[in-house]
Amino acid sequence: MSDIDDLRPAISPPVAIPPTYVEAAAVAETDRDPAASAPPPDMEISPRRFGRVAFAHPAEAEFARLLDFYRVRWDYEPTSFPLRWDAGRLVEAFTPDFFLPEHDLYVELTTMKQSLVTRKHRKLRHMREVHPDIRVVLLTRRDYDELLAGMGYGAVNITSLPESDIERVLFSPVEIADRVAELGAEISADYADRSLVLIGLLKGVTFFLADLARAVTRPLAIDFLAVAARTDTNDEPVRLSTSLDLDIRGQHVLMIEDITTTGLTLDFVLRRLRALEPASLEVCVLFDKRERRLIDLPVRYTGFSVPNAFVVGYGLDYRQLYRNLPFLCVLKPEVYARDHAAALSEINRADYTRAHQGGLDCE
Ligand code: IMP
């Protein structure tokens, strides 16, 4: 990958997964001189999966980490495909960045720079003409960002958190702390003769769960679940992207959620938890946007009712930002308009359209 821009996400996936690769320092990029790097006759270059991989760009290391997250096996640049000969001499070859053996798929990462993407598309077209049986896809920065977003990460600018983006504060830090203390006391009284398992739905719940757990005086264990949007045609709107560490069979479970709006997410999670046969299953929601409810939920503990507006702070995010605000607030509409305009201009980019026409399937 000679012409890739920086695809690194602003936030690296913090999931501790035994790496199947060793992230190497980014080495200086050398645009492959096809004539100089003619592949051996069998076109195979030894896979380096188990050794130290010298990625040509940090984005490739990130992508390898992403594949590890999804438990997808990969080889880095295992094969060079000859593309063009002149007078019996190979003058052009193509070495896709990754091969995913389980999917029989080659993946090429590329840049957002239009001129370079166009060149890369041309090369891929040529590749498909010469090697029609080889499945290869181009992954643009936009596609890569979407993959990360599916994991709950976005290519966000984490350097700025302008106060001027905030329209109004709904609940102050003191109001939140007081209400959380009340909830803790109520829960402690209700579970006076029992221990319980608190299950939080990542990531927004982390602040609330940390505070609530310290306000509960009963013995308790903590576990987490995460949901991700489904990309297939299944009826369910979401899927669990993590599983519980604890066995909750016969336990008194209290599901903790930061905010519930339509109720779809919580309903989905509760159905799955019930199947694990806990002794009891109750729900505690800090912020309830009841006006938008689609599905009736058995919520036993509610912190606050909130109006029908998008809110951030105290764990709740907009594009991963604002979680660390100690209060709950509504952002100014310009914040979304700004992003919307940026997203639109990006979506209108020809490279994005073309990449998707190409049929990416490298999840
Ligand atoms: P539901 O499935 O519609 O109830 O949505 C629940 C999920 O949507 C929550 O877990 C939040 O992650 C997200 N969400 C809903 N409303 C807001 C909001 O106002 N701010 C931030 N996240 C929200």
Side-chain angles (χ1 to χ4, degrees), residues 10-11 145 149 152-187 198 200-215 226-227 229 237-238 255-267 269 283-297 299-347:
I11 304 172
D145 287 349
Y153 301 89
V156 293
N157 174 8
I158 56 166
T159 57
S160 75
L161 197 67
E163 221 180 298
S164 55
D165 282 356
I166 295 166
E167 184 170 282
R168 68 181 195 281
V169 173
L170 295 181
F171 301 108
S172 71
V174 172
E175 285 175 297
I176 293 174
D178 286 353
R179 186 68 189 117
V180 171
E182 284 171 10
L183 287 172
E186 205 181 324
I187 291 165
L198 304 185
L201 205 51
L202 292 171
K203 299 184 249 178
V205 82
T206 47
F207 295 69
F208 176 41
L209 184 57
D211 289 342
L212 181 71
R214 284 175 290 180
V227 295
V238 290
M255 183 71 214
I256 314 290
E257 172 68 312
D258 48 4
I259 188 165
T260 183
T261 301
T262 63
L264 285 168
T265 309
L266 211 42
D267 178 65
V269 172
V283 176
C284 174
V285 171
L286 182 58
F287 302 115
D288 193 352
K289 229 189 273 182
R290 211 161 293 178
E291 225 179 292
R292 295 277 306 281
R293 186 78 90 255
L294 292 180
I295 293 185
D296 242 359
L297 289 174
V299 179
R300 175 146 177 195
Y301 307 96
T302 305
F304 302 93
S305 287
V306 296
N308 184 14
F310 196 82
V311 289
V312 297
Y314 196 65
L316 294 173
D317 73 305
Y318 170 62
R319 301 185 76 211
Q320 303 302 326
L321 286 179
Y322 306 100
R323 290 192 197 277
N324 54 336
L325 294 177
F327 45 77
L328 190 81
C329 66
V330 177
L331 294 177
K332 286 186 181 153
E334 302 93 85
V335 179
Y336 312 115
R338 212 161 52 206
D339 281 349
H340 189 61
L344 268 184
S345 71
E346 201 168 305
I347 283 165

### F287 and V311, any side-chain heavy atoms less than 4.5 Å apart
no

### Query
Can you find a pair of side-chain heavy atoms, one from L212 and one from I187, that are under 4.5 Å apart?
yes

### Query
Can you tell if the side chain of F171 reaches within under 4.5 Å of the side chain of Y314, non-hydrogen atoms only?
no

### Summary
Only residue of L286, L328, L170 satisfying side-chain contact (heavy atoms from CB on, under 4.5 Å) with F304 is L286

#### Entry: I295 vs L264 side-chain heavy atoms within contact, under 4.5 Å
yes

### Message
Taking side chain to side chain contact (heavy atoms under 4.5 Å, CB included) as the definition, give me every residue that meets it alongside P326, ordered by chain and number, with sequence neighbours left out.
### Response
P173

### Message
Measuring only between side-chain heavy atoms, which start at C-beta, is E167 closer than 4.5 Å to P333?
### Response
yes

### Task
Would you mind reporting whether T261 and F310 have side-chain heavy atoms less than 4.5 Å apart?
no

### Task
Please step through side-chain contact (heavy atoms from CB on, under 4.5 Å) for the pair D267 and L297, ending with a clear verdict.
CA-CA 7 Å; D267 178 65; L297 289 174; 4.0 Å; yes

### Test side chain to side chain contact (heavy atoms under 4.5 Å, CB included) applied to D178 - qualifying residues, sequence neighbours left out
V174

### Message
If the condition is side chain to side chain donor-acceptor pair (under 3.5 Å), which residues does R293 pass it with, not counting sequence neighbours?
### Response
D288

### Query
Which heavy-atom pair separates A215 from A181 by the least distance, and what is that distance?
CB-CA, 4.2 Å

### Task
Show your working on side-chain contact (heavy atoms from CB on, under 4.5 Å) between C284 and F208 and close with a plain yes or no.
CA-CA 11 Å; C284 174; F208 176 41; 3.8 Å; yes

### Task
Given side-chain contact (heavy atoms from CB on, under 4.5 Å), test R290 with T302 step by step and report yes or no.
CA-CA 11 Å; R290 211 161 293 178; T302 305; 3.7 Å; yes

#### Entry: Spacing of CG belonging to L209 relative to CD belonging to E257, to within rounding of 0.5 Å
11.0 Å

### Task
Taking ring pair (Phe, Tyr, Trp, His ring centres under 6.0 Å) as the test, write out the residues that go with F207, two or more places apart.
none

### Summary
dist K203:NZ -> L316:CG (nearest 0.5 Å) comes out at 12.5 Å

### CG-CD1 distance between L266 and I259, expressed to the nearest 0.5 angstrom
12.0 Å

#### Entry: side-chain contact (heavy atoms from CB on, under 4.5 Å) evaluation trace for K332 with D165
CA-CA 6 Å; K332 286 186 181 153; D165 282 356; 5.7 Å; no

## Note on the structure
Heavy atoms of P307 and R168 approach each other most closely as CG-NH2, 4.2 Å

### Query
Looking only at heavy atoms, which two atoms of V205 and I256 are closest? And how far apart?
CG2-O, 3.4 Å

### Task
Could you pull out all residues at least two apart from N308 that satisfy side chain to side chain donor-acceptor pair (under 3.5 Å)?
R292

### Summary
Residues at least two apart in sequence or cross-chain that pass side chain to side chain donor-acceptor pair (under 3.5 Å) with E182, listed by chain then number, are R179

